[in-house]
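As structure tokens, the structure follows; a few thoughts come after it.
Just so you know, these numbers come straight off a predicted model, no measurement behind them. Values below: all heavy atoms of this structure, side chains included; hydrogens, waters and symmetry mates excluded.
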Amino acid sequence: MRLTNVMMANTSLMHINRNMRNLDRIIRSIDTGKRIQRPSDDPIIASRALLFRTSVHENSQFQRNVDQGMAWMNVTESTFNNINRELLFEMRNLAVQGANMDNNLENMQAIIRQMNSLFTQIGHEMNQTFGGNYLFSGFRTDEPPVFTATNNRSFVITQHFSLTDISREASFQRLVVEGNLGVPVPVTHNINVIKLAYTGLDTVPVVPGFEVVEVSVNDHHAYLPDANNGATPPVPILHFVRETGELVMHSDTAASFPREGISVTYQKTGFTQGDINPMVYFTGREILNTSTAHIPPGTQLVYNITQYFNRAASTGSTVMGGVSMLQFELAHTPYTYRNDFDALRDNLPPGAVITGNTVNIPAHLFETRSNISVTYAVSLDSPMISLNPNELPIHIKQDTRVAGVELVRATNLDGIALPLSQIEVNPSFNMHNQDIQYEFSTRTLISVNSLAKNVLTDKMFADFRRFFEFADSLHISNRGDLEQYFRNLGYSEEAIARDVAEQLQREGQKATTALHKVFDNMLFLIDRHAENSTREQTMLGARMVRLELVQNRLEQDEVSYNQLTSDNEDTDLIHATIRRMSAEALFTASIMANANVIQMSLANFLR
């Protein structure tokens with residue numbers, strides 16, 4: 001094959017360019033410090049670089065999450081320290097002083113005023129914020145756990161009570177008239193009581209399996225309830241003392257209290273500064289001012305209803321297939337409803353059967369639990385123009401509880417679904433699953449918040465509120481009023497002095513004895529509530545320790561990821577310098593060699 005001068009020149013230029021590109025690539029890697037400039041230079045290095053850089057950025061974000069989560073927890077821990085080490089500790093010391101039998105009534109009431117001030121501070125601690133968000137409110141970071149001002153909001157509230165929430169303590173009433181004096185002498189009773197979170201309720205509480213009787217604190221029998229109503233079958237009685245928010249029960253009722261506890265539903269409108277916020281503590285719904293929802297005529301409303309039954313509420317029994325079945329009536333309603341039984345088959349207790357408006361439940365189910373729930377759907381063909389959703393569309397009987405009334409769908413005459421937002425205007429709320437979790441590494445979630453309902457519990461709030469109200473109600477008659485009273489009866493001054501002294505002594509002894517008993521009970525309650533709060537702080541501390549370990553690992557991972565990224569991308573300067581010198585020598589040699597070839601070819605051409 002004949003080689004021409006042009007071919008030799010092109011080949012020489014190609015080799016020179018190739019050597020020059022190689023030298024340029026080496027010099028560029030030295031200048032930039034990176035082994036490659038574009039993915040096509042080395043796809044393997046480029047793909048690994050993307051993975052390592054992603055890991056570095058993820059690690060940086062996780063560390064920022066750790067910093068924010070740790071800051072949240074540190075503020076929370078500071079609040080716990082103030083509550084547990086300072087406030088509750090000091091309140092217990094004051095309670096010990098108050099329980100001292102050497103204290104008179106005035107000294108004990110002064111101690112209670114100090115305790116009241118400390119308890120108010122606990123409410124302030126619960127309203128601690130971080131970045132403008134309330135720390136202890138769960139997801140409702142715009143709702144304070146404790147109201148900061150008096151308001152007129154209205155709620156339907158459901159509170160749950162367990163066996164341990166029954167307090168055994170002393171009551172105090174100024175009811176008894178001794179002889180013909182007509183002067184009330186305080187009396188006390190040893191009572192079993194459950195304290196609601198609030199006083200001044202709008203409605204009598206609804207308690208499943210109990211008959212709730214409203215009484216006044218001024219009634220002689222207010223703190224002396226019967227064990228049951230004497231009906232067949234008997235239903236246990238609770239006395240609801242409206243002024244104090246107490247549910248008082250007979251000792252036999254307390255002894256047979258349901259193992260799973262009870263749920264109490266009531267409505268409350270108007271809250272004062274320092275009251276706990278129902279939206280942060282309970283299950284329920286807020287009743288808004290715009291409470292009337294307009295519904296087109298002929299709209300069909302379908303509700304899911306959960307109804308609870310106890311054995312005593314049975315209306316009879318029957319035998320089906322050799323199994324003893326207890327009969328119960330489904331809730332009556334003020335409207336004409338059709339039972340949509342196809343929607344409830346999956347929500348019946350095992351073996352239960354529905355016939356018409358009656359549900360038959362196997363008797364053996366009540367041997368292990370006090371209440372059995374049945375969920376079913378009812379539908380209403382509404383000829384009405386509007387419906388007030390503040391009123392439950394269910395009539396609640398004394399021996400049953402209807403809860404979880406939920407509008408699940410609404411359709412017009414043509415079967416077209418209507419938005420529930422047009423009908424449900426009162427938002428419901430609960431405090432289930434309110435943990436605020438941060439992701440601190442892949443699939444590693446840690447809760448950073450604590451809930452107010454587990455620290456300043458509703459039981460703790462009710463116990464202290466009633467304690468302070470009890471202390472305010474403890475007072476003895478005014479000496480001047482007594483003297484004038486006896487003087488009007490025509491007593492001599494000597495008799496007045498004697499009877500007034502005796503009356504004041506009797507009243508003082510009653511009040512002092514009652515307050516000593518309450519102080520003794522408060523010592524137990526403070527210890528129990530402090531234990532709950534300390535347990536929450538311990539759980540927070542455990543999460544903080546775990547977060548510190550995660551933080552240490554992230555710092556170590558940062559070093560590892562940066563080292564891997566550097567090893568994958570960065571230029572080895574020593575090796576690159578040697579390669580540069582070799583490439584420069586090769587490039588220079590190729591120029592010199594090809595220059596000689598071109599020089600010879602040019603001479604031949606000229607000849």
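Using a 4.0 Å cut-off between charged side-chain N and carboxylate O, Arg153 and Glu143 make a salt bridge. Taking the charged nitrogens against the carboxylate oxygens, Glu169 and Lys517 have no contact shorter than 4.0 Å, which rules out a salt bridge.
Taking the six-membered ring for Trp and thresholds of 30 and 60 degrees, Phe309 and Phe328 have ring planes inclined between 30 and 60 degrees apart. The aromatic rings of Phe210 and Phe257 sit tilted, their planes meeting at an angle between 30° and 60°.
With sequence neighbours left out, Glu214 forms a salt bridge (Lys or Arg N to Asp or Glu O under 4.0 Å) with Arg242. Residues passing the side-chain hydrogen bond (donor to acceptor under 3.5 Å, both in side chains) test with Gln509, sequence neighbours excluded: none.
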> For Ser251 and Asn192, what are the C-alpha separation, side-chain angles and deciding distance, and is it a side-chain hydrogen bond (donor to acceptor under 3.5 Å, both in side chains)?
Replying inline: CA-CA 6 Å; Ser251 57; Asn192 296 275; 5.1 Å; no
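The shortest non-hydrogen separation linking Phe147 to Ile276 is CE1-O, 3.7 Å.
In Phe89, the CZ atom is not crowded: 12 or fewer heavy atoms of neighbouring residues, nucleotides or ligands sit closer than 6.0 Å.
Geometrically, Lys268 does not engage Tyr266 in a cation-pi contact defined by less than 6.0 Å to the ring centre and at most 45° from the axis.
A donor-acceptor contact closer than 3.5 angstrom links the side chains of Thr272 and Asp275. Residues Gln159 and Asp458 bring a donor and an acceptor atom of their side chains to less than 3.5 Å of each other.
Under the 6.0 Å cut-off for aromatic ring centres, Phe271 and Phe155 qualify, their centroids lying closer than that.
A side-chain contact (heavy atoms from CB on, under 4.5 Å) with Val241 is found for one member of Thr199, Val248, Leu247 and no other, namely Val248.
Counting only distance, with no hydrogens or angles, the side chain of Gln434 and the backbone of Phe139 share a donor-acceptor pair below 3.5 Å.
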